[in-house]
Participant: 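After the structure tokens below, expect a handful of questions from me.
Each chain gets a letter, A, B and so on, in the order the sequences are listed, and its residues count up from 1. Note: hydrogens, waters and symmetry copies are ignored here, and every other heavy atom, side chains too, is used.
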Number of protein chains: 2
Amino acid sequence: MKKVAVINSSETCQTRIVAIKDAMEILSGKWKFHIIGTLIHGEKLRFMELLREVDGIGAKMLSKELQDLEMNHLVSRTVLNTKPATVEYQITDFGKSLAPIIDEIAKWGIAYRNFVYTNS
Amino acid sequence: MKKVAVINSSETCQTRIVAIKDAMEILSGKWKFHIIGTLIHGEKLRFMELLREVDGIGAKMLSKELQDLEMNHLVSRTVLNTKPATVEYQITDFGKSLAPIIDEIAKWGIAYRNFVYTNS
DNA sequence: CAGGATCCTTTACGATACTG
DNA sequence: CAGTATCGTAAAGGATCCTG
């Protein structure tokens with residue numbers, strides 16, 4: 001009984017560590033959260049629109065990050081047959097499940113500012 | 001009235017972006033969450049203990065990350081006058097405010113696994 | 001318009017050896 | 001014990017030019 005409990009708790013802990021590693025691997029980098037945040041906000045954006053809205057990013061980075069996000073099922077990509085071709089990016093339903101994380105991070109970032117400001 | 005609303009929402013949006021940038025700057029890297037998680041779990045750990053508990057990290061990285069975290073008020077460092085000197089690291093109260101973020105990320109990491117597993 | 005190719009700079013990270 | 005110094009590699013990020 002005790003043994004089972006220990007094993008379970010150990011497994012839970014390992015699971016958490018692996019889960020955090022997974023998540024960070026997918027979400028790491030300078031731009032992921034900005035892109036996702038932008039897409040959650042304004043569904044269906046074209047490449048150029050994202051390039052403008054995600055402040056400071058370059059075309060290469062945006063392209064690469066979008067591919068990553070698409071590969072991980074967080075963003076969908078639709079090519080419209082116009083000419084010249086336009087492409088629409090959209091957050092997936094699963095991608096939307098990141099909203100709570102982004103909210104928490106934003107909240108904490110604000111709290112951090114207040115804290116540093118108050119204690120300096 | 002409309003104008004005020006727009007300005008407010010724009011300011012709020014900017015604030016969020018900056019907050020996320022702040023937070024990610026402080027929390028980015030391969031090890032921050034693991035170290036913080038470990039310290040939240042088991043208050044008062046020495047350098048060597050952390051080196052053992054944070055799986056895979058090297059002394060140089062640990063040292064540098066701890067300095068970062070201390071500088072950002074997330075971790076406190078206490079030198080005990082024993083010989084040879086031992087040092088205790090401890091999460092600060094403010095550092096503990098990261099717990100919700102870590103929880104959300106861990107939750108999401110698990111959900112991600114399930115999602116990918118189910119859709120593949 | 002949407003991006004790939006190329007080249008370059010800068011960080012991140014890691015192994016090893018060494019010191020108070 | 002708790003680090004620092006040094007060196008080296010790999011990955012991230014960016015500027016510019018080019019193409020269907």
Side-chain angles (χ1 to χ4, degrees), chain A residues 17 20-39 42-72 74-91, chain B residues 17 20-39 42-72 74-91:
Chain A
I17 291 174
I20 291 174
K21 232 174 66 185
D22 283 0
M24 291 320 291
E25 203 155 311
I26 293 165
L27 302 171
S28 68
K30 198 171 167 183
W31 300 109
K32 300 265 164 54
F33 281 114
H34 294 298
I35 295 171
I36 293 170
T38 304
L39 283 171
E43 319 200 13
K44 296 216 180 185
L45 293 173
R46 281 177 303 145
F47 191 83
M48 264 302 166
E49 296 178 314
L50 280 167
L51 209 50
R52 262 180 260 115
E53 297 231 6
V54 180
D55 192 52
I57 199 171
K60 177 188 161 188
M61 263 301 124
L62 181 57
S63 169
K64 187 223 156 206
E65 296 291 72
L66 285 171
Q67 281 175 31
D68 287 359
L69 294 174
E70 192 193 357
M71 218 170 48
N72 292 320
L74 303 179
V75 163
S76 72
R77 179 176 181 277
T78 315
V79 182
L80 306 177
N81 50 358
T82 57
K83 47 179 178 176
T86 60
V87 179
E88 281 179 354
Y89 290 93
Q90 194 172 175
I91 189 99
Chain B
I17 291 174
I20 291 173
K21 232 173 68 185
D22 283 0
M24 291 321 291
E25 203 155 311
I26 293 165
L27 302 172
S28 69
K30 196 172 168 182
W31 301 109
K32 299 268 162 55
F33 281 115
H34 294 298
I35 296 172
I36 293 170
T38 305
L39 284 170
E43 318 200 15
K44 294 215 181 187
L45 293 173
R46 283 177 303 145
F47 191 84
M48 264 303 168
E49 296 178 314
L50 280 168
L51 209 50
R52 262 180 262 114
E53 298 232 4
V54 180
D55 191 53
I57 199 169
K60 178 187 161 187
M61 262 301 123
L62 181 56
S63 170
K64 187 226 155 204
E65 296 291 72
L66 285 171
Q67 282 175 29
D68 287 359
L69 293 173
E70 193 193 356
M71 217 170 49
N72 293 321
L74 303 179
V75 162
S76 73
R77 179 176 180 275
T78 315
V79 182
L80 306 176
N81 50 356
T82 57
K83 47 180 179 177
T86 60
V87 179
E88 281 179 355
Y89 290 93
Q90 194 173 174
I91 190 99

Participant: Mind listing the residues from residues 46-54 of chain B sitting with a heavy atom below 4.0 Å of DNA chain C? Number order is fine.
Facilitator: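 Nothing qualifies; none.
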Participant: Can you check whether Lys30(B) reaches Met24(A) side chain to side chain, under 4.5 Å on heavy atoms?
Facilitator: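 Contact flag for Lys30(B)/Met24(A) side chains = no.
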Participant: Under 4.0 Å: is that the gap between some side-chain N or O of Tyr89(B) and OP1 or OP2 of dC1(D)?
Facilitator: no
Participant: Lys60(B) has an atom NZ; how far is it from atom C1' of dT9(D), in whole Å?
Facilitator: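 Whole-Å distance recorded here is 11 Å.
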Participant: Compare side-chain N and O positions of Ser63(A) against OP1 and OP2 of dA2(C) and report whether any pair is under 4.0 Å apart.
Facilitator: no
Participant: Kindly indicate whether the side chain of Leu50(A), heavy atoms from C-beta on, has any atom under 4.5 Å from the side chain of Ile57(A).
Facilitator: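 SC-SC contact between Leu50(A) and Ile57(A) ruled out.
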Participant: Can you find a side chain N or O atom of Lys30(B) that sits less than 4.0 Å from OP1 or OP2 on dG14(C)?
Facilitator: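 For dG14(C), OP1 or OP2 has a side-chain N or O of Lys30(B) closer than 4.0 Å.
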Participant: Between atom CG in Leu62(B) and atom P in dG14(C), what is the gap in whole Å?
Facilitator: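 Nearest whole value for this atom pair: 12 Å.
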Participant: Send over the distance from Leu80(B) CG to dA2(D) P, rounded to a whole Å.
Facilitator: 9 Å
Participant: Would you kindly give the NZ-to-P distance between Lys44(B) and dC1(D), to the nearest whole Å?
Facilitator: 19 Å
Participant: For Gly29(A) and Leu66(B), find the nucleotide of DNA chain D closest to each by heavy atoms; which residue's nucleotide sits nearer the 5' end?
Facilitator: Leu66(B)
Participant: Do Lys32(B) and Leu74(B) have side chains that approach each other closer than 4.5 Å (heavy atoms only, starting at C-beta)?
Facilitator: no
Participant: What I'd like to find out is whether the side chain of Val75(B) reaches to under 4.5 Å of the side chain of Tyr89(B), using heavy atoms alone.
Facilitator: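 They are in side-chain contact.
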Participant: Flag the pair Leu27(A) / Ile36(A) as yes when at least one side-chain heavy-atom distance between them is below 4.5 Å, and no otherwise.
Facilitator: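 Sidechains of Ile36(A) and Leu27(A): in contact.
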Participant: I need the CZ-C1' distance between Arg77(B) and dC1(D), as an integer number of Å.
Facilitator: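 Rounded to the whole Å, the gap is 12 Å.
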Participant: Is the phosphate of dG3(D) approached by Gln67(B) (side-chain N or O, under 4.0 Å from OP1 or OP2)?
Facilitator: no
Participant: How close do Arg77(A) and Val79(A) get, heavy atom to heavy atom, and via which atoms?
Facilitator: NH1-CG2, 3.6 Å
Participant: Can you establish whether the number of heavy atoms outside Glu25(A) located under 6.0 Å from its atom CD is more than 12?
Facilitator: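 Counting other residues, nucleotides and ligands, CD of Glu25(A) stays at 12 neighbours or fewer.
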Participant: Side chains of Trp31(B) and Leu62(B), heavy atoms from C-beta outward: is any pair under 4.5 Å?
Facilitator: no
Participant: Just how far, in rounded Å, is P of dC13(C) from CH2 of Trp31(B)?
Facilitator: 9 Å
Participant: Both Lys64(A) and Lys64(B) contact DNA chain D. Which one's nearest nucleotide lies toward the 5' end?
Facilitator: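 Its nucleotide being nearer the 5' end, the pick is Lys64(B).
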Participant: To the nearest Å, how far apart are Leu45(B) CG and dA2(D) P?
Facilitator: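 Atom CG in Leu45(B) sits about 11 Å away from atom P in dA2(D).
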Participant: What is the distance, to the nearest angstrom, from the NE2 atom on His34(B) to the C1' atom on dC13(C)?
Facilitator: 14 Å
Participant: Using side-chain heavy atoms (C-beta onward) and a distance below 4.5 Å, is Met71(B) in contact with Gln67(B)?
Facilitator: no
Participant: Take the C1' atoms of the five end pairs on each side of the helix from dC1(C)-dG20(D) to dG20(C)-dC1(D), get both axes, and report the angle to 10 degrees.
Facilitator: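 Rounded value for the end-axis angle: 50°.
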